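Have a look at the structure below before the remarks.
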Amino acid sequence: MEGPLAVTGGDVSLHNFSARLWEQLVHFHVMRLTDSLFLWDSIPVATSLLGDTSDTTSTGLAQRLARKTNKQVFVSYNLQNTDSSFALLVENRIKEEMDAFPEKF
């Protein structure tokens, strides 16, 4: 796993981290604003900011993270693996990062 990278400027904070989940390298990108978060995850090949609107993984994850952070959260889940167990690994990795670096979220 690569170490966290953070850039801060004004009211916007950027935080990037990566994790190897089920032998797949996943990159996480967090943009923290005053009262909201934009979070997207991707594989190194490509990503889209808005993701697939027919997939509810992003919405469900955003709702759970919003409850945890008490902020509005926007998630773009851009991983090919749609297995619910893999999605849970992704969510748990995000929560681990939140616990380790709460100021980034």
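All values below come from the heavy atoms of this structure, side chains included, with hydrogens, waters and symmetry mates left out. The structure presented is a predicted model; accordingly, all values stated were derived computationally and were not measured.
- Side-chain N or O atoms of Arg64 include none that pairs as donor or acceptor with a backbone N or O of Thr59 at under 3.5 Å.
- Note: the hydrophobic cluster containing Leu65 does not contain Leu88 (ILVMFWY, side chain heavy atoms under 4.5 Å, direct or indirect links).
- Rounded to the nearest 0.5 Å, atoms NE2 (His27) and CG (Asn78) are 12.5 Å apart.
- Arg20 places a side-chain heavy atom less than 4.5 Å from the side chain of Leu25.
- Between Leu33 and Phe38, some side-chain heavy-atom pair lies under the 4.5 Å cut-off.
- A search for salt bridge (Lys or Arg N to Asp or Glu O under 4.0 Å) contacts involving Asp99 returns Lys68, not counting sequence neighbours.
- If you take CG on Asn92 and CE on Met98, they are separated by 12.0 Å, rounding to the nearest 0.5 Å.
- With sequence neighbours excluded, the residues that form a salt bridge (Lys or Arg N to Asp or Glu O under 4.0 Å) with Lys95 are Glu91.
- Note that NZ of Lys71 and OG of Ser36 are 7.5 Å apart. Values are rounded to the nearest 0.5 Å.
- Applying the side-chain contact (heavy atoms from CB on, under 4.5 Å) test to Phe28 and every residue at least two apart in sequence or in another chain returns Phe17, Ala19, Leu21, Val26, Asp41, Val90, Arg93, Ile94.
- Side chain of Ser58 to main chain of Tyr77: a donor-acceptor pair is present (N/O by atom type, distance under 3.5 Å, no hydrogens or angles).
- Applying the side-chain contact (heavy atoms from CB on, under 4.5 Å) criterion to Ala66, with sequence neighbours excluded, gives Val73.
- With values rounded to the nearest 0.5 angstrom, Leu37 atom CG is found 8.0 Å from Arg32 atom CZ.
- To the nearest 0.5 Å, the span separating CG on Leu89 from CD on Gln24 amounts to 11.0 Å.
- The CE atom of Met31 sits 13.5 Å away from the CZ atom of Phe105 when rounded to the nearest 0.5 Å.
- Applying the side-chain contact (heavy atoms from CB on, under 4.5 Å) rule to Ser85 yields the partners Trp22, Asp83; only residues at least two apart in sequence or on another chain are considered.
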